[in-house]
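Worksheet: one structure, shown below.
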Amino acid sequence: MFESAYAVVHMDGGETVTAKCLLIATGADYRRLGVEGCDRFEGRGVYYAATIAEGQLCRGSQAIVVGGGNSAGQAAVFLSGQARKVLLLIRGDDLYKNMSSYLAKRIEQTPNIELFYNTAIRRMNGDTHLESVDIVDQTTGQERTVAVSCVFSFIGAEPRTAWLPAEIERDEKGFVQTGAALARSRYWTSVRQPFLLETSRMGVFAAGDVRSGSVKRVASAVGEGAMAVQFVHECLTHM
Ligand SMILES: Cc1cc2nc3c(=O)[nH]c(=O)nc-3n(C[C@H](O)[C@H](O)[C@H](O)COP(=O)(O)OP(=O)(O)OC[C@H]3O[C@@H](n4cnc5c(N)ncnc54)[C@H](O)[C@@H]3O)c2cc1C
């Protein structure tokens with residue numbers, strides 16, 4: 001909550017902290033696939049990001065990407081340049097439903113991406129590393145086992161923002177919005193523009209996974225945290 005220019009944070013233990021500036025860095029909960037074997041193979045075949053590092057892990061072999069949104073689409077396109085073949089598993093029957101059409105078209109035109117509609121993973125198998133997964137066609141119930149050493153999960157994340165008051169504007173998925181466009185917010189009270197990582201409330205900043213549009217990587221979360229310190233200094237001199 002806010003009292004005049006100050007943010008007041010109420011702790012679980014009953015204490016309150018009042019501050020001119022506040023940095024929100026509460027992150028997000030990544031949705032897990034929740035299938036047998038998934039926890040066991042996290043970091044050993046199950047990944048939540050597709051960068052050059054993960055790309056190298058599936059070079060020349062087969063990889064599975066799960067998800068129907070833009071993150072999954074971008075990962076599939078990127079990995080198609082590394083893996084021999086990418087199997088893209090989506091729950092529904094329409095690739096264009098949750099993905100930008102330019103990306104969906106690109107996927108359809110990429111010869112080594114195979115699309116599996118209405119398909120989910122049922123089980124993950126292996127010893128110390130992922131070796132295969134059982135996938136199921138949810139319309140027919142037909143199961144098959146695919147030999148694969150990498151599964152990339154892009155099925156969304158829930159921001160930890162339920163504790164925030166209405167004055168902190170969020171996007172349609174609940175991630176905290178930041179930046180100059182918030183000068184138009186009804187909660188923005190200063191004549192200056194919000195700083196890059198500043199929220200709709202002057203002096204309140206957001207960094208890392210919780211922030212709308214952030215890259216969702218450790219390095220960028222740390223970098224944003226460091227940038228926020230600089231903005232806090234500037235904000236205090238303008239107050
Ligand atoms: C399984 C998995 C694997 C990943 N692998 C990689 C990888 O290999 N490389 C990579 O770069 N990124 C990876 N990521 C993403 C990376 O973990 C995040 O991008 C990064 O941790 C974001 O940092 P953050 O500080 O924004 O949030 P977090 O690391 O989530 O930190 C948020 C902190 O805030 C605390 N918190 C939450 N709510 C409250 C509250 N109300 N009050 C007080 N404290 C609160 C949480 O307990 C937590 O400690 C992975 C993520 C997952 C889930």
Side-chain angles (χ1 to χ4, degrees), residues 1-2 7-19 21-59 63-67 69-72 74-75 78-79 82-83 121 124 126 128-130 133 149-168 170-171 173-179 195-199 201 204-232:
M1 62 173 281
F2 295 96
V8 183
V9 180
H10 294 267
M11 309 291 202
D12 275 353
E15 293 166 23
T16 58
V17 178
T18 304
C21 288
L22 173 73
L23 174 62
I24 301 164
T26 45
D29 286 315
Y30 286 75
R31 287 194 202 112
R32 304 293 220 274
L33 288 165
V35 297
E36 196 184 319
C38 183
D39 293 353
R40 195 154 60 92
F41 295 119
E42 272 177 4
R44 289 182 292 168
V46 176
Y47 306 100
Y48 297 87
T51 67
I52 292 170
E54 288 85 16
Q56 280 170 352
L57 298 173
C58 57
R59 180 158 290 168
I64 285 182
V65 175
V66 186
N70 281 342
S71 309
Q74 281 157 0
F78 169 70
L79 292 167
Q82 317 286 315
I121 292 180
M124 299 188 178
T128 55
H129 196 282
L130 180 69
V133 300
S149 59
C150 295
V151 168
F152 296 88
S153 173
F154 292 96
I155 56 172
E158 301 280 352
R160 299 191 193 107
T161 50
W163 60 284
L164 292 172
E167 288 97 323
I168 305 300
R170 279 152 271 178
D171 67 15
K173 290 182 179 158
F175 290 87
V176 175
Q177 291 182 308
T178 54
F195 293 115
L196 187 67
L197 300 179
E198 199 166 23
T199 69
R201 180 76 197 201
V204 179
F205 297 82
D209 281 11
V210 77
R211 196 176 70 78
S212 177
S214 70
V215 177
K216 316 290 184 261
R217 304 291 293 156
V218 170
S220 54
V222 172
E224 288 185 9
M227 281 164 68
V229 173
Q230 179 67 24
F231 290 132
V232 166

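Order of listing sets the numbers, starting from 1, for every ligand and every atom in it.
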Nearest neighbour in protein (non-hydrogen) for atom 27 (O) of ligand 1: Gly27 CA, 3.4 Å
Closest protein heavy atom to atom 45 (C) of ligand 1, given as residue, atom name and distance to 0.1 Å: Thr26 CG2, 3.7 Å
Side chain, backbone, both or neither: the part of Arg160 lying under 4.0 Å from ligand 1 by heavy atom: side chain
Nearest-0.5 Å distance that lies between atom CD1 in Ile64 and atom OH in Tyr47: 13.5 Å
Atoms of ligand 1, numbered as shown, that sit under 4.0 Å from any heavy atom of Gly208: 26 (O)
Per-atom contacts of ligand 1 with Tyr30, taking only distances under 4.0 Å to non-hydrogen atoms: 15 (C), 19 (O), 53 (C)
Interatomic distance, Ile24 atom CD1 to Ile168 atom CD1 [nearest 0.5 angstrom]: 4.5 Å
Per-atom contact, atom 49 (O) of ligand 1, protein heavy atoms, under 4.0 angstrom: no
For atom 24 (P) of ligand 1, closest protein heavy-atom neighbour: Ala221 CB, 4.0 Å
Identity and distance of the protein heavy atom lying nearest atom 8 (O) of ligand 1: Glu54 OE2, 4.1 Å
Ser149 side chain reached by His129 side chain, heavy atoms, under 4.5 Å: yes
Gln74 and Ser71 side chains, donor-acceptor separation under 3.5 Å: no
Side chain, backbone, both or neither: Ala25 near ligand 1, heavy atoms under 4.0 Å: backbone
Subset of ligand 1 atoms that lie under 4.0 Å from at least one heavy atom of Val218: 10 (C), 11 (O), 12 (N), 16 (C), 19 (O)
Within-cutoff protein neighbour (heavy atom, under 4.0 Å) for atom 43 (C) of ligand 1: no
Interatomic spacing from CZ in Arg59 to CD in Gln56 - rounded to 0.5 Å: 5.5 Å
Check: Tyr48 N/O within less than 3.5 Å of ligand 1 N/O: no
Short side-chain to backbone donor-acceptor contact, Thr178 and Ala206, under 3.5 Å: no
Nearest protein heavy atom with distance in Å, relative to atom 26 (O) of ligand 1: Asp209 N, 2.9 Å
Side-chain (Thr161) to main-chain (Phe175) donor-acceptor, under 3.5 angstrom: no
Value rounded to 0.5 Å, distance of CE in Met1 from CG in Leu164: 14.0 Å
Closest approach of any protein heavy atom to atom 5 (N) of ligand 1, naming residue and atom: Arg217 NH1, 4.8 Å
Residues, nucleotides or ligands: over 12 heavy atoms within 6.0 Å of Glu36 CD: no
4.5 Å side-chain heavy-atom contact, Val176 and Arg170: yes
Lys216 neighbourhood, listing ligand 1 atoms whose heavy-atom distance to it stays under 4.0 Å: 15 (C), 19 (O)
Protein non-hydrogen atom found under 4.0 Å from atom 29 (O) of ligand 1: no
